[in-house]
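Structure first, commentary second.
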There are 2 protein chains.
Amino acid sequence: MVTIADVARHAHVSISTVSYVLSGKRSISAETEQRVRASIRELGYRPNAGARALASSRTNVLALVMPLRSDMHVPVLMQFVTGVVTAARAHEHDVLLLTQDEGVEGLRRVAGTAMTDALIVMDIEEDDPRLEVLRRLPQPSALIGVPADPSGLACVDLDFETAGAVCVDHLAGLGHRRIGFIGAPAQVYERGTSFAWHTLAGFRGAAERHGAAAASVACTPDHTGVRRALAELRAAGPEPSGLVVHNEDALPALLDILGSDGVRIPDDLSVVAICSDQQAESLPVPITAVAIPAEEIASSAVRAVMRGLGGEPRPGVHLLRPRLRVRASSALPAAPPPARGAPTS
Amino acid sequence: MVTIADVARHAHVSISTVSYVLSGKRSISAETEQRVRASIRELGYRPNAGARALASSRTNVLALVMPLRSDMHVPVLMQFVTGVVTAARAHEHDVLLLTQDEGVEGLRRVAGTAMTDALIVMDIEEDDPRLEVLRRLPQPSALIGVPADPSGLACVDLDFETAGAVCVDHLAGLGHRRIGFIGAPAQVYERGTSFAWHTLAGFRGAAERHGAAAASVACTPDHTGVRRALAELRAAGPEPSGLVVHNEDALPALLDILGSDGVRIPDDLSVVAICSDQQAESLPVPITAVAIPAEEIASSAVRAVMRGLGGEPRPGVHLLRPRLRVRASSALPAAPPPARGAPTS
DNA sequence: ATGAAAGCGCTAACAG
DNA sequence: CTGTTAGCGCTTTCAT
């Protein structure tokens, strides 16, 4: 194994000079630097990570805690993970992957053994037991998701509340007055998953603002679940002319069922979703949707912890603005309600 | 920060005693051990990972190289990743996650800086440039997937060749004599992805053995791609009565299209797939399928590198036996061919 | 602009 | 059964 001492000897300089060439923390004469770099290349030297970590208290590793069974669509989860890895690499960091099931102890372990410089935690629940641990850790951290009390923590997420509202705004703007919401499976809400509740809140608030009749149901992604959800929606009030779907996995079954029931999209029913662009565009009818900007969220979270490592912790909630992309699944309602008090044309 | 010296002082023993209590590498009197453990707990001591790595040349970390854009179904990829993390944790190891795009240099980096004790590489291509690097690395490694020349490497995978054959066997056993194969997108084959070719080879071999007419087509997972694939299949020969699908992502569109074309499954067409159980069971018709045992493969790969760390490198190819699960999508062909030379009943 | 040397916290001989 | 100590390879003062 080639050590820094080998390089120093080979380049006829001291060990510290080699170290400083690598870190750039003090000026080196051009000539010396050339010689050192040549030796490094020639010998194929790579600094030992453990020794570095021990001497500098910096590992250049950040930990990412990933859910085992996700409340979100798995491909989107994957995008978060690869997004974090890619962003971390751009900051000269590697990523240590932990799973949710290690819980609080997992955080304590990697932080306490100094395996990591910082932590990023996904799939945050409203009242997550890990929050208190993160607040007390010496390492900076960032959450992907926003808990009930984000004080003292850096959080990044899509603004799901606005996302829910934007979907309603779009439908209401087209003239829809009866709007249904098809959400995640019931357990997701029971668990207090933050983004699910925020979306629902945004949906309800916007529906109220627009004076639209709104009903919402939970939904499992299989055919049976979707049928049940649609039935519940009908039972809850007047037949909706527009649907907001916050359940990416249920979309294929939903379109399948509507199709075989003879419901045409968007002629008979408009559908707006919160889902990946990929999903929105691979379905039989391209779906008007707010996408989840996973890469952006991931890189923003990495930036947050990097700032923390740089000494400017700046906790706070950073919400990304939702962007609705209009596709073929939304249009004017079949029988637009008479314009009340509108100027006659 | 609490160090081993603090613990030693607190327990009135030497540093080495604390170290040995933790490692169990020499016998300690029960009384001393109790005292040391009590001090560890009381002080909340956690050994510093960097110091450990430096002194012992063991990081207790293994690197996992994950594809960025996978040839496989993303949820299955995810299962591999979580499977590796879970198995690694069971062996007291953490997982450093790298992405494919770091290529050969990524392997050299984590291995050369001694960040990791071992490596697991996914999504291996027939002639992967990383293989030569892995063979030369001092750290043990395991591949998930089997390249053209696996010599000197530990490889784990489902036996895709047999999987392809098993699907044909099942259909042929039911009496099907015209069998189509719907595969992955064309680029997957062009790229030389090993499991795709192996499956196809198994399919072809078995069809030949059974004397069945067989045609195969590549397929993208969208509706257009599936329609095109079906058309190609028809153009290639007689209308198949059975289909083997090795493209999990295309299954929903396939069933959708067949459904709207009035093709009933399994009455008019039997469908057998190689896909996750989850997918097989969430479609409108439960699909007879060979599942990819991702967790098993992952834990087998972890076991392989752990053996390597234990000094018994044992390279070689370990193929898991495919298991076909019969569901509703396969049945006797509509018009069974007359039994030639079979005893009349 | 460069060098010498004191640690960083731990493991594992070596010595009883 | 336990203690002493020499490194592991690097970063970072402190000197010059």
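Below, read A as the first sequence line, B as the second, and so on, with proteins coming before strands; counting in each chain starts at 1.
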Salt bridge (Lys or Arg N to Asp or Glu O under 4.0 Å) contacts in which one or both residues fall within residues 22-42 of chain A, not counting sequence neighbours: A/Glu33-A/Arg37
How would you list all residue pairs meeting salt bridge (Lys or Arg N to Asp or Glu O under 4.0 Å) that involve residues 75-88 of chain A, not counting sequence neighbours? none
Please, which pairs that meet side-chain hydrogen bond (donor to acceptor under 3.5 Å, both in side chains) have at least one residue in residues 51-60 of chain A, sequence neighbours excluded? A/Thr59-A/Asp117
Closer than 4.0 angstrom, basic N to acidic O: yes or no for B/Asp71 and B/Arg191? yes
Sequence neighbours left out, what pairs pass salt bridge (Lys or Arg N to Asp or Glu O under 4.0 Å) with at least one residue falling in residues 86-101 of chain B? A/Glu102-B/Arg89, A/Arg109-B/Asp94, B/Arg89-B/Asp94
With a strict under 4.0 Å distance from non-hydrogen atoms of chain A, what nucleotide opens and what nucleotide closes the contacted stretch of DNA chain C, reading 5' to 3'? C/dA1 to C/dG9
Show me the protein contacts with nucleotides 6-8 of chain D, counting only N or O atoms at under 3.5 Å.
unit_1, atom_1, unit_2, atom_2, d
D/dC8, O2, B/Ala55, N, 3.4

Straight-line distance of B/Thr82 OG1 to A/Leu77 CG, nearest 0.5 Å: 9.5 Å
Just how far is it from atom CG of B/Leu97 to atom CG of A/Leu96, taken to the nearest 0.5 Å? 9.5 Å
Can you run down the salt bridge (Lys or Arg N to Asp or Glu O under 4.0 Å) pairs that involve residues 306-316 of chain A, sequence neighbours left out, and say none if there aren't any? none
With sequence neighbours excluded, what pairs up with A/Arg108 under the side-chain hydrogen bond (donor to acceptor under 3.5 Å, both in side chains) test? none
For the pair made of CG in A/Asn60 and P in D/dT11, what is the distance, rounded to whole Å? 10 Å
Does a side-chain N or O of A/Arg52 approach OP1 or OP2 of D/dG9 to a distance below 4.0 Å, or not? no
Check each residue of residues 24-32 of chain B for a non-hydrogen atom within less than 4.0 Å of any atom in DNA chain C, then write out the ones that pass by number, or none. B/Lys25, B/Arg26
State which residues pass ring-ring contact (aromatic ring centres under 6.0 Å, His included) with A/Phe195; sequence neighbours excluded, sorted by chain then number. A/Phe160, A/His246
Once rounded to the nearest 0.5 Å, what's the spacing between atom CD1 of B/Ile124 and atom OG of B/Ser194? 8.0 Å
Over 12 foreign heavy atoms within 6.0 Å of CG, B/Asp149: yes
What parts of residues 9-21 of chain A reach DNA chain D, counting only heavy atoms under 4.0 Å away? A/Ile15, A/Ser16, A/Ser19, A/Tyr20
If the condition is side-chain hydrogen bond (donor to acceptor under 3.5 Å, both in side chains), which residues does B/Ser19 pass it with, not counting sequence neighbours? none
